[in-house]
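So that we are looking at the same thing, I have put the structure below in structure tokens.
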Amino acid sequence: MTVSDAQRLSALAQRLSEDLAETQASLARLEGEVGALTQDLDDEGGVPTTHMADEGSDVFDIERLQTLRRDLEERITQIELAQQRIADGTYGTCAHCGKRIPLERLEALPHATLCIDCQAAQER
Ligand SMILES: [Zn+2]
């Protein structure tokens, strides 16, 4: 590995930790929103059916936010996995076939754990 490769890797590690902090902040914000919506629903619990329309959209919002939350949690898991791989020195090699993942790919997708071939095979 050349010096500039090492620098690119450390820039990637930096990006991963920034990304993690950002994603965790989004998740916290989202959980606040879900909490507020759930609270609304509870408040409306005893109210007659005139509120049905409102409740319907709240339920929809909660489902949408929960999907978003799952995405964010998934992203956090992937970032943490990448950081773990940096720590144990396996970052940048494919978790499936062990080939080196090109830095260009990692720079496009810092938390990638598979090379393009294995990723494609997994998605088929
Ligand atoms: Zn591979």
Side-chain angles (χ1 to χ4, degrees):
M1 192 187 294
T2 65
V3 171
S4 85
D5 279 356
Q7 280 170 347
R8 285 165 81 179
L9 275 177
S10 81
L12 281 169
Q14 177 67 26
R15 269 178 60 191
L16 280 168
S17 42
E18 284 166 7
D19 208 10
L20 183 64
E22 222 169 83
T23 310
Q24 280 170 335
S26 307
L27 184 62
R29 217 164 33 234
L30 197 70
E31 276 171 352
E33 281 182 52
V34 172
L37 278 174
T38 310
Q39 187 60 46
D40 277 359
L41 277 183
D42 286 349
D43 290 350
E44 287 167 14
V47 178
T49 50
T50 46
H51 278 70
M52 278 302 266
D54 280 357
E55 260 187 49
S57 70
D58 282 354
V59 168
F60 177 77
D61 279 349
I62 288 174
E63 278 173 10
R64 189 176 52 86
L65 291 175
Q66 279 172 342
T67 305
L68 269 174
R69 179 164 65 179
R70 269 196 300 277
D71 288 349
L72 288 175
E73 282 169 349
E74 172 74 9
R75 190 179 172 93
I76 288 171
T77 306
Q78 285 180 332
I79 295 169
E80 285 175 343
L81 192 65
Q83 289 182 323
Q84 182 57 48
R85 290 165 62 80
I86 290 174
D88 66 20
T90 56
Y91 183 71
T93 57
C94 175
H96 184 72
C97 69
K99 274 196 301 213
R100 272 195 66 186
I101 302 173
L103 276 169
E104 289 71 23
R105 170 164 166 76
L106 292 170
E107 281 165 348
L109 197 69
H111 58 264
T113 56
L114 295 174
C115 68
I116 288 174
D117 290 344
C118 293
Q119 182 76 48
Q122 200 185 51
E123 281 168 7
R124 259 202 300 275

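Both ligands and their constituent atoms are indexed starting at 1 by order of listing.
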Could you check whether any side-chain heavy atom of His111 comes within less than 4.5 Å of a side-chain heavy atom of Arg15, counting everything from C-beta outward? no
The side-chain hydrogen bond (donor to acceptor under 3.5 Å, both in side chains) partners of Gln24 (sequence neighbours excluded) come to none
Rounded to the nearest 0.5 angstrom, the CG-CZ distance for Leu106 and Arg100 is 9.0 Å
Show which side-chain atoms of residues 62-76 pair as donor or acceptor with protein atoms under 3.5 Å away, not counting sequence neighbours.
from, atom 1, to, atom 2, distance (Å)
Thr67, OG1, Glu63, O, 2.9
Arg75, NH2, Asp19, OD1, 3.2
Arg75, NH2, Asp19, OD2, 2.7

Atoms of type N, O or S from the protein that sit nearer than 2.8 Å to the Zn ion (ligand 1) number exactly 4
Output for pair (Ile101 CD1, Leu114 CG), nearest 0.5 Å, gives 6.5 Å
Please tabulate, for the side chains in residues 80-94, all donor-acceptor contacts under 3.5 angstrom to protein atoms that are two or more places apart in sequence or on a different chain.
from, atom 1, to, atom 2, distance (Å)
Arg85, NH2, Thr90, O, 3.2
Arg85, NH2, Thr93, O, 2.3
Asp88, OD1, Thr90, N, 3.2
Asp88, OD1, Thr90, OG1, 2.7
Tyr91, OH, Pro110, O, 2.5
Thr93, OG1, Thr90, O, 2.7

